Amino acid sequence: MTKLNSRFRIVLNPKRPYDFGLTVHKPAGWSLFSSFEVYENGKLWTALHIGNRLVGLKLHASGRRNARDIVIDAFTEKKPGKVFVNLVRGTLRAKLSADEDLKDFYSLAKRDKILTNTLKDLYGMHSTEDADLFSIALLAITLQMAPLKRSEEMLDSLIRNYGEVAEFDDRKVGVPPLPQTLANISAKELKSRCKLGYRARYIVKLAAVISRGFPSLEELRCLGQDEAKNKIMTLPGIGDYSADIINPGGGFPIDVWSADVFGKLFYGKEPKNGRKEIKRIKKEGVKRWGLWSWYAFFYVVNDLENLSKRLGITLRLQ
DNA sequence: GCGTCCAGGTCTACC
DNA sequence: GGTAGACCTGGACGC
């Protein structure tokens, strides 16, 4: 448990449209930085590592509905200097996509029979960047070959057993372990303590590779979508699907579940064998939405219930 | 209660 | 370059 008693405030003025609630607390239940974060009455308490320091965050929106700022109270163990405050500001500005312009995506979505149905519910929702490469890679690996409930149990167990707890503002938020922590744990121990199965050896190898030095999410973003994906796929246990989840440049991560969803949306029926149809459905999505494929995926899976009603089809929820 | 099947992929060996 | 088979665990299902 790390007590974070020093506090400073950052205010971000995001590019409009920007819906704070939808962006930091996605309708599909995706967390911003940690599965242990808390969202109550329009406020989010979360935590992550920035520049090797644990930082607790309390975020809320302020101002008129169409001109709202993001107000962030940041908590650290020791009083930060000006350089660190600027680092936190820049990091959060990027991770919260405060400078992102969605004009081209909305222009595409308004002309698309599927996406146009999502705009009413999700207008102003931005995709956000995960806390760090290792955190999102852990999520991707625990999602492999497991129902969502089991994936959540594996990830929660990793955080409870090996993660850190940030205590600030009368809240406690667990954050995923650092790669250097898991690089020194045996796969056997990890497997039995966190019920990870064969994924344990991937995670230990992955932790070793990242802790020895690997481009950060920020650096991968600068490489461009294809080059970043090729680089990410060199990581142990990370294949095509997981790389599309991790890639900060975006991807179209189709697995068996989403193959059912997009199969219905594209062809009107669920594929008979989802696993065999993944390639075809992925190709269709990328052809249809191009550079905005990730955003299209993101808007569809966060609006399944409403899409089901509007299109008159049953889309399997997560 | 017990056995079998299989799930929101990836890797490896083999052809 | 393509593909079958192995890989953990736990819930669903049939008996």
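Every value quoted in this text rests on a predicted model; they were computed, and no experiment measured them. Below, chains carry the letters A, B, ... as their sequence lines are ordered, and counting in each starts from 1.
- You'll find the ring centres of A:F262 and A:Y267 outside the 6.0 Å limit.
- Contacts between residues 245-269 of chain A and DNA chain C, defined by a heavy-atom separation under 4.0 Å, are absent.
- Every residue two or more places apart in sequence or in another chain that forms a side chain to side chain donor-acceptor pair (under 3.5 Å) with A:R310 is listed here: A:D121.
- The gap from the P atom of B:dC11 to that of C:dG10 amounts to 23 Å, rounded to the nearest Å.
- Here A:W30 and A:F298 bring their ring centres to under 6.0 angstrom of each other.
- Using a 3.5 Å distance cut-off with no hydrogens or angles, the side chains of A:D156 and A:S35 do pair a donor with an acceptor.
- Using a distance-only test at 3.5 Å, with no hydrogens or angles considered, no donor-acceptor pair links the side chain of A:R150 to the main chain of A:M145.
- Ring-centre distance between A:F8 and A:F75: not below the 6.0 Å cut-off.
- Side-chain atoms of A:R16 do not come within 3.5 Å of backbone N or O of A:G124 as any donor-acceptor pair.
- Remark: A:H126 engages A:E100 in a side chain to side chain donor-acceptor pair (under 3.5 Å) (not counting sequence neighbours).
- Taking the P atoms as reference points, B:dT4 lies 16 Å from C:dA6, given to the whole Å.
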TODO: Toss me the dot-bracket line for DNA chain C: Watson-Crick and G-U wobble, both under 3.5 Å, 5' to 3', using | for pairs to another strand and [ ] for crossers.
DONE: |||||||.|||||||

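- Residue pairs meeting the ring pair (Phe, Tyr, Trp, His ring centres under 6.0 Å) criterion with at least one partner in residues 210-242 of chain A, sequence neighbours excluded, are absent.
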- [ ] Using a 4.0 Å cut-off on protein heavy atoms (strictly under), produce a 5'-to-3' string for nucleotides 10-15 of chain B with B for base contact, S for backbone-only sugar-phosphate contact, and - for none.
- [x] BS----

